[in-house]
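One-based numbering, in listed order, for ligands and for the atoms of each. The analysis underlying the following values was restricted to heavy atoms, covering all of them including side chains, and did not include hydrogens, waters or symmetry mates. Predicted model, so just to flag it, every value in this text is computed and none were measured.
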Amino acid sequence: MKLSVVIPLFNEEAVIATTHTAVTETLGGLIGKRLIDDYEIVFVDDGSHDRSLEILRKLAGESPKVKVISFSRNFGHQRALAAGILHSSGDAVVSLDADLQDPPELIGEMLEKCRQGNDVVYAVRRTREKDTMFKRLTARFFYRMMQIMGVDLIYDHADYRLISKKVVAAFRKIGETNIFLRGIFPYLGFDHEIVYYERQGRFAGATKYPLRKMMAFAWEGITSFSNVPLRLASLVGLTIFVTSLCLVSWAFYEKFAGRTIPGWTSTVIPLFFIGGLNILFLGLIGEYVGKIYLEVKRRPLFFVKEMHNLEDLPPRG
Ligand code: UDP
Ligand code: MG
């Protein structure tokens with residue numbers, strides 16, 4: 001049994017070496033316990049502009065177990081993860097963050113669950129004590145929203161998970177560009193199990209997820225998995241239509257009752273109101289049309305700048 005560990009990173013020069021050592025030690029221990037026979041560590045450099053790639057080149061030179069993919073620019077965490085998973089060759093693949101917030105020691109337990117026949121093992125943080133109040137609130141709001149929108153998500157699960165070769169094969173068949181992994185794996189199905197852990201603080205460096213990226217990520221999640229906003233548009237449209245019908249009959253009633261005073265307000269206000277809503281929801285529909293546009297073009301998820309100890313893959317699909 002060979003295990004692949006996928007680590008996406010963006011400007012993480014401060015943590016790579018430590019993370020590499022910690023992960024290698026853990027994997028060595030797993031070999032000692034005969035839980036695995038072999039492993040590879042796939043680092044995906046998501047277009048870093050610090051010394052990250054330099055450090056990775058060195059690590060790859062020292063050990064053939066270290067594989068490196070380096071993107072031509074920053075394509076985002078999700079695509080970096082996807083690249084690592086698609087290029088992995090193990091019987092199971094674990095993805096974890098470069099900053100050791102996902103403790104590698106948990107991999108043993110995840111493998112155990114995998115052995116018991118689960119093709120997906122989600123590692124879920126027990127608490128959010130280490131997070132700022134703001135992050136806690138926005139995260140809760142995010143998972144709630146997703147639930148309301150009907151997106152199948154594991155509550156508080158980030159991207160620390162184990163998937164089997166079978167799931168990787170299924171994942172290869174997904175050809176979409178707007179990729180939201182937290183939704184994709186529950187969508188793929190297969191038997192799954194959850195393990196809990198205490199999430200540590202980042203041990204060095206700063207977060208690579210500023211508010212802007214967080215919001216883009218949440219929006220991606222909603223629009224690539226849910227058509228509830230679109231349905232909401234038609235629902236509101238219908239309500240307004242029915243209301244306007246009532247208003248029309250009321251206007252006729254008033255007219256035949258001989259009480260009509262030709263009103264400017266009653267003409268202009270609905271005009272503005274309905275016109276405004278029209279534009280609002282046209283915009284929302286445009287969002288989805290934009291997505292369809294991107295999917296139809298079938299752009300590649302990423303472009304690889306260089307690879308070490310790895311060969312390029314045939315196209316997806
Ligand atoms: N990351 C990435 N590309 C990006 C942003 C982040 O590959 O554009 C990586 C980052 O290096 C880290 C992981 O994604 O390994 C999680 O990011 P981070 O720890 O900054 O997020 P946080 O834990 O603060 O939510
Ligand atoms: Mg982190």
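The nearest non-hydrogen atom to atom 19 (O) of ligand 1, considering only Asp45, Asp159, Asp99, comes from Asp99. Between Phe75, Phe10, Tyr209, Phe43, it is Tyr209 that holds the heavy atom closest to atom 21 (O) of ligand 1.
Not a single N or O atom of Ala206, backbone or side chain, sits closer than 3.5 Å to an N or O atom of ligand 1. At least one N or O atom of Pro8, backbone or side chain, sits closer than 3.5 Å to an N or O atom of ligand 1.
Scanning all protein heavy atoms for the shortest distance to atom 23 (O) of ligand 1 gives Gln101 OE1, 2.6 Å. Protein heavy atom in closest approach to atom 14 (O) of ligand 1: His77 CD2, 3.2 Å. Residue, atom and distance of the protein heavy atom nearest to atom 12 (C) of ligand 1 are Glu12 OE2, 3.5 Å. Of all protein heavy atoms, the one closest to atom 16 (C) of ligand 1 is Asp97 OD2, 3.3 Å. The closest protein non-hydrogen atom to atom 18 (P) of ligand 1 is Arg202 NH2, 3.4 Å. Atom 8 (O) of ligand 1 has its closest protein heavy atom at Lys213 NZ, 2.8 Å. From the protein, the heavy atom lying nearest to atom 22 (P) of ligand 1 is Thr207 OG1, 3.7 Å.
For residue Thr207, no N/O/S atom approaches the Mg ion (ligand 2) to within less than 2.8 Å.
In summary, the atoms of ligand 1 found under 4.0 Å from a heavy atom of Leu9, numbered by their order in the structure, are 7 (O), 11 (O). Those atoms of ligand 1 that come under 4.0 Å of a heavy atom in Asn74, given as number and element, are 3 (N), 4 (C), 8 (O). Taking every non-hydrogen atom of Gly76 and a distance limit under 4.0 Å, the qualifying atoms of ligand 1 come out as 3 (N), 8 (O). Per-residue contacts place Arg199 under 4.0 angstrom from the following atoms of ligand 1 (heavy atoms of the residue considered): 23 (O). Those atoms of ligand 1 with a heavy atom of Lys208 less than 4.0 angstrom away are 5 (C), 6 (C), 18 (P), 20 (O).
In summary, of the residues considered (Glu40, Lys67, Lys165), a side chain to side chain donor-acceptor pair (under 3.5 Å) with Ser89 occurs for Glu40 alone.
Taking the charged nitrogens against the carboxylate oxygens, Glu198 and Arg125 have no contact shorter than 4.0 Å, which rules out a salt bridge. At a threshold of 4.0 Å, the pair Glu54-Lys58 does not count as salt-bridged, since none of the basic side-chain nitrogens sits closer than that to a carboxylate oxygen.
Taking the six-membered ring for Trp and the full ring otherwise, the centers of Tyr197 and Tyr160 sit less than 6.0 Å from each other. Taking the six-membered ring for Trp and the full ring otherwise, Phe185 and His192 have centroids separated by 6.0 Å or more.
Annotation: the span from Leu181 atom CG to Leu81 atom CG amounts to 5.5 Å, rounded to 0.5 Å. In this structure, OG1 in Thr26 is found 6.0 Å from CD1 in Ile107, a value given to the nearest 0.5 Å. We find the CG-NZ distance between Asp91 and Lys166 to be 12.0 Å, quoted to the nearest 0.5 Å.
Cation-pi geometry between Lys2 and Tyr39 is not met: the NZ or CZ atom fails to fall both under 6.0 Å from the ring centre and inside 45° of the normal. Under a cutoff of 6.0 Å and an axis angle of 45°, Arg73 and Phe75 form a cation-pi pair.
Of the heavy atoms in Lys135, only side-chain atoms (C-beta onward) come closer than 4.0 Å to ligand 1. Contacts with ligand 1 closer than 4.0 Å are made by side-chain heavy atoms of Asp46 only, the backbone lying farther away.
When distances from the Mg ion (ligand 2) to the N, O or S atoms of Asp99 are compared, OD2 comes out shortest.
Of all non-hydrogen atoms in Val94 and Leu162, the two that sit nearest each other are CG2-CD1, 3.6 Å.
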For this session: Dump the intermediate steps for ring-ring contact (aromatic ring centres under 6.0 Å, His included) on Phe10 and His49, then the final yes or no.
Result: CA-CA 8 Å; Phe10 176 54; His49 27 73; 5.8 Å; yes

